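Heads up: the structure comes next, in structure tokens.
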Amino acid sequence: MLIVAFTASCIFLVLMIFLCLYRAYVGPTVADRVISINVISTKAVAIMTLVSIIFHKEYFLDIALVYALISFLATIGVAKYLQKGVLE
Amino acid sequence: MTDIALKLFDNMYYLVSMVLFIIGFHTMLTHSNLIKKVIGMNVMDTAVFLFFVSTGYVAGGVAPIIEPGVEQTYINPLPTALILTGIVVAVSVTAFALALIVKLYHHYGTIDAEEIMRIRSTE
Amino acid sequence: MVIMTTILNMLLLLFLIVCAISVAKTRDLLSAIIIFAAYSLIMAVVWQQLEAPDIAITEAAIGAGVTTLLLIATISKTRREE
Amino acid sequence: MERTTSILPVFAALFPMVMTFAIYYVQKESPKLRNNLSVLTSIITFISVAAMYPIIAEGKIIVFELFEVLPDMGVVGTFRVDVLSFCLALVASFVWMLATIFSVDYMSHEHAQNRYYPTLIFTLGACIGIFVVGDLFSFFIFFELMSVISYVLVVHEESVEALKAGYKYIVMTIIGGLSLLLGVINTYEISGSVSLDQIGLITEPSGLALATFIAFLIGFGMKAGMFPLHVWLPDAHPVAPAPASALLSGVMLKTGAYGLIRVFYNVFTPEFLQETGWITIVTVLAVITILLGSAVALTQYDLKRRLAYSSIGQMGYILLGLSLFTHTALVGAVFHIFSHAFMKGCLFLCAGAIIVKTGQRDIRELSGIGLKMPVTMIAFTTAALAMIGIPPLNGFLSKWNLALGSLEAGAPVFVIVLLISSLLNGLYYLPIIISAFFGTEAQEKKFTFDEVPFKMLMPITILALLCLVFGVSPINLPFNLSKMVADMLLGGGI
Amino acid sequence: MILEIISLIILIFGIFFFMVGVVGLLRFPDVYTRLHATTKCDTLGVWLILFSIMLYQGFSGPSIKIGLMIIFIWLSNPTAAHAIAKAAYSVDIPMIKGTVFADQAKEESSSW
Amino acid sequence: MEDIIIRMISRISVPFIMVFGFYIILHGHLTPGGSFSGGAVLGSSMILFALAFDLEEGHKKLSHKTSTLIETGGASWFVLLGLVGIYAGTGFLANKTGGFPMGVPGELVSGGMIALITLGLGLKVASTVITLFYNLIEGDSHD
Amino acid sequence: MRLILTLIFLTLISVVMVVTVIEMPTFGNPDNPTNNEVPQKYIEDAVEDTGALNVISSIIMDYRAFDTLGEATVLFVAIAAALSCLKAHS
Amino acid sequence: MKAGNLSTYVGTTFILFIFWLLITWSLHYHQLIAGLLCSVLVVIFCKDILIYPNERFKIRPITFVKFAVYFANLFVEIIQANIQVAKIVLSRKMPISPTLIEFKTNLKDDLSRVILANSITLTPGTLTVDLEGDVYLVHGLTRANAVDVVDWHMAIKLLDIEEGK
Amino acid sequence: MTTAMNIIQGHSPALIVVTFLLFSYLMPVLDSWKKNWCATLAIAAHVLALFFTGILAWQVFTTGTVTYHMGNWPPPWGIEFVIDYLAIFMLTTITVVSLLILIFATKDLGHELKAQVSSWYYTLYLLLVGAMIGLAITNDFFNMFVFMEIAAISACGIIAIKEDKECVEASFKYLILSAVGTGCVLLSVAMLYMVTGHLNFTFAAEALVPALELYPNNILVALALFSAGFIVKAALFPLHVWLPDAHSSAPSPSSAILSGLVIKIYAYAYLKLLLKVFPGDIFSMVPIYDMILILASLSIFFGSLFAIVQEDIKRMLAFSSIAQIGYVFLGIGLANQAGLTGGILHIFNHALMKAMLFLSAGAIIYCTGIRNIDQLKGIGAKMPLVMGVFAVGAMSMVGIPTTNGFISKLYLALGTLDAGKPFYLGVILVSSFLNVIYYFPIVINAFFGEPGEEPENDIPVKKLPLEMSIPLVILAAGILFFGIFPRHMLILVERAVAIF
């Protein structure tokens, strides 16, 4: 029962990712786009965790963990570029 | 007609990878911006990888990490293993292409292929 | 359950296509790179759906981290507008 | 015919090529040694060719297989000398020897002798090679080598004019070579063999066979200066140094004629060509060549240019004789190869001598020269008269045979052509002679006896004497050989 | 069973907060306000979802990993938000009209 | 970036990311991952460090010479392990037949050559990723 | 003009690709040609042959280790090429 | 200083080792040795970016207790914050009045300042835009939020923990 | 000692590739330690490879085809190397020519590159050669792909390494197009894998015969993609756009190896795949050979035509390469004994010729700094050796007998007639003529031009070092030798062709 709920929430999250993509595509400034990528990465972590539980594949958690660890790398990179213009 | 639609539906991974391949190809060939070209190249590569990995999928199979004593269907591990190499190759090409772009900008002051052509022809 | 999984897969694949098209359409290179990062993120989920965890983990490390940063490093060295 | 083995043809072809490197090497040490070595090489080559005479005179054919060059494609690298090859090799090596001797003094004031001598000797080897090989591939290889290397001789002066002429020459040569290659390949494709040791490689008329014929015709006709393809000749021959001109006109043109003989009589058969009527092309072209060469020569006032146009006309005789397929005409044609080699060699060498002494190339300025350089001009006169066809000289004999041959073939129109051409010859040679010996008084006053050195005089004299000796004389070696050739070719006795 | 219901409820809350975050992302007028929505709601949403999975899973290796994920998201999400906000602020990405500086020192420049 | 928050968080998380990278590398034969993904994670941690601080700090950690050595070493290590198979008389890159101990499947030390190669290659990949990134953003200010 | 040509070209490719996709073996079907003795042997014998539980790891590091050596070389080439380019043009 | 360094090394190694154990979830001696080696290696490699005693709280049992209380409070605040955001977002008019505010803190350690900054970001209607020295620049979703943050009870709690060192 | 011999005998297929890889890995470390030894190390790698090639050739000639299983895994599971006569032919070509180019490079690089990147150059060079050797002997689709990528990146690397902005641009163009090419090839490999389930050439070929009935369109598309990929890589006519820039702007040794070997190796791989892997029935479904023939003739024509109008000598040579690769593909498209013999032989012959021509162009640039064809007037007197060997190369390009270019053209011509397509014979002949038009004026002007005509012709001429003249002389001697005694090479090639 709960598995179905998990799956449904996965689909829901993917739909929300679409909305985030809309913001990323439209977003007037680059900062908006970075926000949406940040949100997407968080949602991706959630989806991955959910999927690994739905299909009982514990090894997928490693991937989610990798995401959780380094997803904000891109955000920081973009933010730094935005702020300074260079990455040095 | 329904057959075809059903078959396309079954093979949607293949279909999507083909579509992505074409989009990547298009991006790569029609955009004169060099970074766009590189991104297009990456999209194209991922499309090919997606296609390759989909060929190895077996319905109901699990990733080939053997749990001793458990009988279950595994997917075909070979495409996955190959694509692992393929991704590295794609990243290497990307890195080198980006290094070249930096140097092109250094020399020409632009990263637009057509503009570079124009500069070269005027010189 | 199977239907829901299929819908999930379809949505993910649709997302990939939409991402790829928006990458091609965006004029701002930084935005293109950001959307490409999103593409990579979802690609990793698709790898997971295809039971390819090794590729997914590589894609996660590469797509989200290395490639994006290399691209940003490049535009920081060159320029942002197409 | 009987086959026998001898190393002589291989030696005659390859010895000069090997010596080229020696000459190139010694020239750094001393120019004298280089000159002597060149002369020595040419003499040895001549001797080695002449040494084949006993075997040939017995009616045997020399065959020597060197090595297999291309597997699966018949034996390539065969050397084969029959009486026809022998004739041409003999005349080639002989004229070459004289030209080399002539060069020693003629070239002594020229530049870039270090390039001249190796090229000259190498071309000798290639030229002899053309005559002594036994299959079309090797033939083609030597032919191309000779054509390409002789480019260096053509442009020796390096003047703008020479370079232009040379460019024309090399382009035409390559076209000819490619077309020749086409012919060779087609022949191989049709018959599976390229050996000259058999006759009638192609006996079935087909589009490919016609293409082959045309290709050969273009390839060899280019070299022989046949009518539409002669355009390079009047430019290239005059600009070369005199000995080289003599060789180009006297010997190298004959390689084209030789090739055509091989094509007409070995690759195809006379019967086949007559049946299909393809030979008519050659006949018509030959007639045009004769008339055109002689007529245009009249309009030229540059001595060497006039000689070059004359060569075109004379080659027309040979082609005519070849295309008639009668015994007498063939004898005439082959004999004319000899005759023309001696005559034109002599004339060009004389021209060279004149140019060395006076620096004058314009015919109109040459009046009175006969008193200044009597020996040279007498030789010139002899050769020119032979050209015209004055009876005791060898030119007469060949024209006589050609005329008889054309009557034999039932085409008296060619006799008229020959007569007209002789008339034209007279028209353009005689004025030179007359003005040379009977110049105006003003020029006679400048009279000083100023003859060229012996080493230049000797070849000229020898050639003039040969024109005389091999005229209507009882011991006419070339004529006998020509008869043997005609016997062999028309008797099918290959 | 109770545990399942609890985890279901938590899951629904998580999804709800995610949704709020996304709606905020779409509706809010400028970068900073969008950041408010996404940072808070995403963090809590992902916490709740992961927590519900932990409950479902029980105490095991995988659920420990999920716990580690929660910690890392707690570390990284606000930091990323801060980085974006600072970058946006320093390149003068405009705020919505009506934004004021409460501090007197900056009163005069609050007109934008 | 002269930002104390980012620096502090980076300082906290970099060691964890590194340990996780090592985990991925070392468990390549047991769980998903392996040399390349682990190496990329390791490299990412260093990139994060370089982003939060600056390049000089990064260079102090990993000079050009060291990274060159690691790259050469990682790749040569692979080849040398392959040559062991030849020395054993079986074939290039032979694992079990080449005489490597197999261990008990499922334990960390198992799989003979696999773990060894993975370790060397992982370090090489990390070094490559870092070097590429450094060199790309460093540009002209190079020796 | 160029746009139209590109579009025509892409449409052509797309049609060809779709036709190909229709004909392809069904996705995920266990009877597909790919599921032959090759993956079977990998899955059955990998643990015994190589001692690794992760079959993919055993493939890339053992069965097809030479590919991985190639992969390492590609990385090496990339870095050598990029560095030499960046150094040469500084 | 030296002694503190040593304790930092050992402490970090220990924490990383615990992390290793958690992710491997195995007590096989191979894993233990490998984990220890990795932790030591990472600590040696990262020794200049570790958080040394002068930048952080003193580690005492009471600190952990206080932190537990702090995080519990924080969690409650976060939930409140979300509810507030949800209210604003889902209401039709979106009653926002964005405000920027600058204030000084009494916190001394970098670590606690960072924790405070992140807490501000996560809690109702506030977002740390900049932190320079001891000056925070905070963006508030509403004016009330922004004003509230200046003397916030969480900051006082953190100060309490910090003073305890 | 005997163990060593056994190891070398049994494992030379692996060792020949690994030698290059290992030596190139060591190069950067050696660079910081003993800089002068880099060139020596590179040459040592080549000498070792020559040694292994010799051993392999001996094995192949005595016992027939040599197979080698990587990691001791038999073919369907592991990677297999197969060395047959054709591979021996390619190995010999690659090792010999690349060694000569390398010897030339040791001196030439000093003036073309910055000092600190020369060791990187050797690294990339060794990797390029290693990848080519791997491509020549591998029997596995994916392994082929990996080697293709190594070759592509390192080839781009040795172009971009020169401090010249055109090099970077050319290199980028090359990189992008070859990425498209490899992308197509990989997609095609995926399709073939999908319908066969095998990556090994031999097994895939077996499985393709039944698969052709089931999935004809798939296989056709795969074939089309393969062709597209390899045509890009080999720079056949419509997709040659990257070549002229890349080959003309690169350092001379790079141009030599790129034009001489790299584009050929793709033609070779294409040939191998087309004839060994794809089932014969497919050729009755689509006229693939005719398409190749048409592309090849277009390539021959346009390459020559473009070459005529060039002013830069290296650019002219680059366009000439496009024409010459057309000959190789012409041989492939003819697909009969003589045609294939000619095409494959042309791989070797053109490797010698084009390497030599590019190297002599490099020598001219080294000695005088002249690149423009018009300025080469009278240069023959100043540097007779270089222009002499250039003349030999030019003659070989044209197909003058006694040079090896003649032999391959002869066989191609025979092939056209055997196939009953005399039109292509015309193409060959006409293109030979076009070759004359652009090669001979250079030689003629060099030797017979008036030096006094242009004032700037008194350029000081540097002395050519021995290291640069030796490869030139050896290559020229090779051209003449294989033109006069082509027998042994022909026997090798005909045995190689016999397997198809």
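Labels below follow one simple rule: chain letters A, B, ... track the order of the sequence lines, proteins then strands, and each chain is numbered from 1. Quantities reported herein were computed from a predicted structural model and do not represent experimental measurements.
Annotation: the span from F/H27 atom NE2 to H/I23 atom CD1 amounts to 7.5 Å, rounded to 0.5 Å. Distance CD1/F/I4 to CD/H/E132: 10.5 Å, rounded to 0.5 Å. Atoms CZ and CE, from H/F45 and F/M46 in turn, are 4.5 Å apart once rounded to the nearest 0.5 Å.
Taking non-hydrogen atoms and a 4.5 Å limit, the residue list of residues 70-81 of chain H in contact with chain F is empty.
Within the 4.5 angstrom heavy-atom criterion, only side-chain atoms of F/V14, from C-beta onward, approach chain H. Both the backbone and the side chain of H/T24 come within less than 4.5 Å of a heavy atom in chain F. For a residue to count as touching a neighbouring chain, one of its non-hydrogen atoms must lie under 4.5 Å from one of that chain's; by this rule F/F20 touches chain H with backbone and side chain alike. Using a 4.5 Å cut-off between heavy atoms, H/L41 touches chain F through its side chain atoms alone.
Of the listed residues (H/G35, H/S39, H/C38, H/S26), the one with the most heavy-atom contacts under 4.5 Å to chain F is H/C38.
F/L26 and H/A34 make their closest contact through CD1-CB, 4.3 Å (heavy atoms, listed as atom of the first residue, atom of the second, distance). What you find for F/I5 and H/A117 is that their closest heavy atoms are CD1-CB, 3.5 Å. Between H/H30 and F/V109, the shortest heavy-atom distance links the atoms ND1-N, 3.5 Å. The two residues F/L108 and H/Q31 make their nearest non-hydrogen contact at CD2-OE1, 3.8 Å.
Legend: salt bridge (charged side-chain N to carboxylate O under 4.0 Å, His left out) pairs involving residues 10-37 of chain F, not counting sequence neighbours, sorted by first then second residue: F/R11-H/E55.
Classified by interplanar angle (parallel below 30°, tilted 30° to 60°, perpendicular above 60°), the ring pair H/F19/F/F16 is perpendicular.
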